[in-house]
Structure formats: structure tokens, C-alpha cells
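Below you'll find the structure, written out as C-alpha cells, and then a few comments.
Chain letters run A, B, ... following the sequence lines, proteins first, then strands; residues in each count from 1.
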Amino acid sequence: MDILAKLNPAQREAVEQVHGPVLILAGPGSGKTRVITHRVAYLIKICGISPRHIMAVTFTNKAAREMKNRLFGGSEKDHTTPLLTWSMRDQITLGTFHAICARILRRDGRAIGVNPDFVIYDAEDQLKLVKRAIQNVNLDPKQYAPPLVRSRISAAKSQLLTPKDYIEQSISYLDKVVSWAYERYQQLLTENNALDFDDLLMKVVELFRSHPEILAEYHERYRHIMVDEFQDTNLTQYELVRQLSGKYRNICVVGDPDQSIYSWRFADTRNILNFEKDYLDTKVVLLEQNYRSTKRILETASSIISANGEHNPRKLWTDNKPGELTTIVETYNEQEEAQFVISELSHLVEQNKAHLSDCAVMYRTNAQSRALEEIFIRKGTPYKLVAGTRFYERREVKDIIAYLRIIQNPSDSISLLRIINVPPRAIGKRSISKLSDWAESRKISLYEALRFIALSNGNQSESPKLPFNHRTTVLLAGFFDLLAEIITKSAEFNMTKLFNLVAKSLGYKEYILKETDGEERWDNILELGSVASKYDDLKPREGLTAFLEGVALVSDLDGLDDSIGAVTLITLHQAKGLEFPVVFIVGMEEGILPHFRSFDIPEQIKEERRLCYVGITRAKERVYLVHAFRRRLIGLSTANSPSRFLEDIPRHLISGTEVQWGEVRQPIGKTYPLASDSTSVTIIPELSPGNRVRHNQFGEGLVISCQSVTDDNEVLVAFRRVGLKKLLLSFARLEKVE
DNA sequence: GCCGTGTTATTTTTT
DNA sequence: ATAACACGGC
């Protein structure tokens, strides 16, 4: 019974309750993952359930992988003792909703007209298609912004609304527009033999609804189902869970309403409430003991979340030591903010209180990472950024993937258009739009159109007349031959060979090397190649399918490597589910956290507060909440007041000895010791934004911003006569005008 | 067909 | 402020 030995009574209850519906409300750090993994082990080892009969759904691929490692061991030379044997690893179904659904559709999608060779469209592809859809229904994409329409479509799909449903319940004209675009968009997806992220889920629900006999097979296959992060599921996912667990009702969901931070992605916390209603015999288990954080961290977090005023029967507690006070710091601007983080990090490391890899800097928006990075690079502090410029969104990576997608699915016109003239083949805009029109008028895919052109090239007697001159016909035919050739070869090439064919022998390498940052771009392609090579063991076409599915469903977090000795830079959203001994949350300001886009809507402010809660509860030992007096946002520097969330933290939890927030501070002459050298740097803006200055050449002006650069201060001044100038303080001889 | 300039939006969070 | 994008000239 050693599976139960290390669990507390509540955890044990959650593990042992293997039959019927179970709802586990698990606060942060309460051993949620532990419960899930032990529950799986218990099902297999004690109850004798085959791992084939178990499905566990996680929020990210990373979570799935880690769970697998805990269950079955990370690798053969893993020295930790896994709960189960390595050989069971491939039998269990453990992954994200999207990955699991993609698999179901490849297997059984045919029944509802989903071709198993479908490709998965990402946000960028979707946007292109939405734009086309809007044009196709004779509307102007400038008047109806494609991102908005896409978001509405996604919202509809997250609630299981088909275009028909949407039309029926649309009231406003905009709704009508969206419904028309939605309908056409779905047609286009079908024509391209593509599915978007939302389709993966919705089509499976559709499949199960229309084909009870297929659902029945899945009932027998998956007799035990578990879903993690249930507070972040949407209605479609909920329905899917309901369908799958419909027969045996062995369904265990784990969640925490206080950590619900994805309502903008149409996640719906009501799923938790509905669960208890739909399954009246639900066993509810509360996990309230926190094993992660110190008492003070937990108190800080609780003080913030309780200000949301939700009645909450759950009360987190911990046996851990009281620990350190929460540090709240105000800095002058975002550069200083980064410097503060670095200097504090170096103290912690010097005093042996933490390793760099124990520390994380969290922020609300990705844009905030930039200022941090700049200073980190300058000071030589190693960091790892989760999702820099996201690898799979880079142009060169997507280009190569587009070639590979066409091999899998020649109907994919979005991908075809992407590479028809990349590298340049003298096929210009004009020819491309003629080709598109022609294909559209004949209701065939671009690939088929190209095939037709290639066949008729050389025998002029071919009816109907092609709208291309000879030169263009030859070029298009040449392109078709190229695609046809790689498609033929793909039948027997493994992934490495196929990848090399596409990336190295089509002139792409030469082309990309000539571009700016060509070397770097080529390196990215080589990296993509090493990902591809992991699929070499599979049969040619299967390897390709698996590879494409893998790259479509990766998340940024997947690349996060915790073995490197560097600070982690991460958004608050990405940080969910992770933990670090030391956590900095920067940008604790009104407008950033809470984000100004949430100001008008109380529900959204609440979500911002939960986001803050998630951030703080990632910490085991130390929390720093940092806000800047000024911050450059979209060009201009603005003064931000401290986040309202800081006001919810009781005084006795805050260390306010060094710098106090809430007081107006003179932003002059503050000294911080720096990490890389043990000397100090003093930032002395002799001028501050708002000051009037005179320059003997440029005349009078207004100081917009000051920032320290290496050995100097850089001042941005708006001159009345000559406009914006960037000046170095020591050279510019500026005179202050009172 | 390509290149340059001027205009415009853009910034929340992502499977 | 910056990047993407459209338009117009070469």
C-alpha cells in the first residue's frame, strides 16, 4: 500500500475514490499533481485497471510529459523510482484536450467527413482564412476586423455553436456579419482539409453526437477519466468530458476557481458548478494543506484573493515556517526595475540563499520582457525566456512547415500560397491572384489547378482556355512538378531525408542566407530539422503526420529547460502550474496588473486579481512585488500608480524598510549595487521628464524621458522647432529652464 | 516585378 | 516607438 503512504487524509481520499464522479478542489501547492499521478498508479496497481483504460487530460504538453515522467520514469537511466513500469508508458492516454482530440479525429473523423490527412491551422493561418471568408461574403475586412471576427468564431466554437446556431441567435448586425463569415470560414477550412484549434474539440463532440456507436467504443476504451485544471475548460471541453464519461461515470476533475485565468479564451468556471449539478452523486474533496509556500507567502496571496469577495469555503493553510516578509519595491522606471531584480538576485546568490535557476521574474505582458532582457544582457545575468519570438511562429520555420504540410495535404491552399514564390520563382502577385480566381471559379484547389496547368502545358489543344501567358504557364507548371516530385519522394523518405529535401535542395537555404539575419534563420531551420529527426523511426507518412501534429500543438512552455543555471522570465499565465523558490512580479501597477483593458469590467478585474494570486502562489520562499514610478508604454513614458492589489496586503506582511511605496519619491541619485561587478552604478537624472530645457542650436524643448546608458544618460527632448531629438547628457550641454 | 516611402495600427494573456 | 502594410514610382 505504499502508494497511499505519503499522502495526507484528503489526498488519500481523492486517490481511493476511483468509482463515480469526483471533484477535487485543490488550492495552489496542495499536491494536486501528486494526487493525480498517485490516483493513476492506484488504479493500475491496486485496482488492476489496464493503463489502456485510463485517460488523463492536462492543460499543457509539458504537464503531460512531467506527469508521464513521474509515473513511468523520465528515461531508462532515471534514478528516481517511478510509480509504474516503463512499458506502460505508451498504453495510457495522457495529453492535452487538443492532442487527444486530434488523435481521435485521425482515427475516426471519417465518419463525419474529416479526412485523416487534415492539417491544423494556427492563429496566423486562421486569420488569413477569416479574411478570405469576409471577402467571400462580399464584405470589407477593413470594416470588420478579421481578428475580431476570428475571436467571435472561436467563442462560438467554444460553446458548441455551429454557424446555423449562430445565425439563429444573432441579434445585432455585427453578429449577422460574423455568422456569414463563420459559415464561409468553415467551408474554406473544409476545402483546405484543415481544422483550427477549436475544431479539434468541437468535431469530436459532433462525432460522438452523430455516431453513438463510435462513442460506445470510446466508452469501453476509456473507463477512467481525469481532467486537470478544470476551471480553465470551456463548454465544448465540458461536453466532451460528459460524453466520454457517459457510461461508466468514472470521472475525476481537478481544479481551483481561484486560479481561473483563461476566461478570455472562453474558459468558463461555471463548469465546476455544473459538474456538481450534472453528477448529483459527486464526491467533493478539498485539498487545503499547502506544501509549497511559507506562511507569509500564503497569507500575502490569500489577502489578495480574498479581496475578490467571493464566498469561499476553502481555507488554505500550511505547516511550513513563517519565512520572509514580502518585499514591495518602487523603482524609477522599467530599467531600474530590471536593475533592482538583478541586484537582488546577486545578493541572494552571493549569500547562498538561492541559485539563479531557483528564481523567476513574472510579468503581465510579453512586451515587458524586453526591458528586462536588455538589462540582463548588459549585466551579463543569464536568463531563459519562455517563448522569445516564438519558434514555431518564425517566418522561416513556417515556410518549411508549409512545404511539409502540402506533402501531407495538397489541398492546403494557405500553405501553398505561402511558398508558391518562396524562394522567388518569378511567380508574382498578378499571376497568383489570377491563379486563385481561376481555381475558385472552377471550384478546385490551387494544387489541382496547378496540376491542370502542368498537364495542359505543351498540348495547346486543351480546352478551357487558360488565362496565363506562356511564360507564366511554364513557371506554374514548373512549380507543380516540384511539389509533385517531393510528394512522390515523401512516400519512401524518412523525416530527416524529407526535411533535407525540402530545406536544402529547393534553393531555400541560399535564399534565406541572403535575408537579414540569414545565418540565424538558417540555424532555426536546422533546429527544426533536429526536431524532425526524432520522428525518423516511424514509417514515412506516419512520421510526417506525427511531426506536423507535434509542431501544431506545441506550447511555448515545452521548451523550458529547468536544468540550466539561469533566471526564468515568464508571463503570469505561463507560470501557472510551476513553482520557484524565489518569485519577482514586476510591473505591479495600475494599467499593467490589473491591465487597463480590464478596467471597465468588474469580472475582468477579478481575473487580474486571480492572475496576481497565481503568481504569488508560485513562490516557495521569497516574493518581491515591484512597481515602477514611470514606464515607457507604446512610445511615451507614463506615470503609473501602484497596483490596487498591493493595498490589499496587510502591513505586517510587508518589508518596507528599504524603499516604501505609496510615498512620492524623488527619483534622483539612487544607488544600486550591480551583479556583474561589485561596484555600484548611480543613476542621476539631472533632468527629469517634464523639465524645460534650452539647447544653443535646437532652441527650447521639453524633456520626454531620461534613461541611463553605459557611462551616460540619454535624454529624449521634444524641441519646439526641430522636433524629437535623442541626446547624450554629457555632450549636449543642455540648459535647464525654470 | 521590385523597391522605397508613408501610413497605420499596435499591445493582454495562448492550446 | 516600432513594425507591418499599403500604395505609388522606378
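With hydrogens and angles ignored, the 3.5 Å screen pairs a side-chain donor or acceptor of D125(A) with a backbone N or O of D122(A).
A stacked arrangement is assigned to W264(A) and the six-membered base ring of dT13(B), with a centre-to-centre distance below 5.5 Å and an interplanar angle below 30°.
What separates CG of L127(A) from P of dT14(B) is a distance of 17 Å, to the nearest Å. Summarising the geometry, the separation between CG on L94(A) and P on dT15(B) is reported as 17 Å, rounded to the nearest angstrom. Counting to the nearest Å, the P atom of dA1(C) and the CD atom of Q335(A) are 14 Å from each other. Whole-Å rounding puts the Q259(A) CD to dT13(B) C1' distance at 16 Å. Distance CD1 (I601(A)) to P (dT13(B)): 17 Å, rounded to an integer number of Å. Rounded to an integer number of Å, the gap from CD1 of I100(A) to P of dT15(B) is 16 Å. If you measure from atom CD1 of I261(A) to atom P of dT14(B), you get 9 Å, rounded to the nearest angstrom. Look at CG on L572(A): it is 11 Å from P on dT13(B), rounded to the nearest Å.
Nearest nucleotide to the R597(A) side chain, out of dT11(B), dA6(C), dT14(B): dT11(B).
Remark on DNA chain B: of its neighbouring residues S598(A) and D198(A), the 5'-side contact belongs to S598(A), judged by nearest-heavy-atom nucleotide. A residue-by-residue look at R471(A) and H573(A) shows that R471(A) has its nearest nucleotide of DNA chain B further toward the 5' end.
Put simply, N366(A) has no side-chain N or O that comes within less than 4.0 Å of OP1 or OP2 on dT11(B). In this model, the phosphate group of dT13(B) is not approached by any side-chain N or O of Q574(A) to a distance below 4.0 Å at OP1 or OP2.
A salt bridge links E549(A) and R106(A); the closest N-O separation between the charged side-chain nitrogens and carboxylate oxygens is under 4.0 Å. E373(A) and R370(A) are not joined by a salt bridge, as no carboxylate oxygen comes within less than 4.0 angstrom of a charged side-chain nitrogen.
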Evaluate Y262(A) against F59(A) for ring-ring contact (aromatic ring centres under 6.0 Å, His included), listing each step before the verdict. CA-CA 11 Å; Y262(A) 282 95; F59(A) 194 67; 5.0 Å; yes
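Nucleic acid contact for I427(A): sugar-phosphate only, since backbone atoms but no base atoms lie under 4.0 Å from a heavy atom of the residue. Across all strands, K157(A) comes closer than 4.0 Å to no nucleic acid atom at all (heavy-atom distances). Note on F59(A): only backbone sugar-phosphate atoms sit closer than 4.0 angstrom, heavy atoms only; bases stay farther off.
Relative ring orientation between Y332(A) and F629(A) is described as tilted, the plane-to-plane angle lying within the 30° to 60° band.
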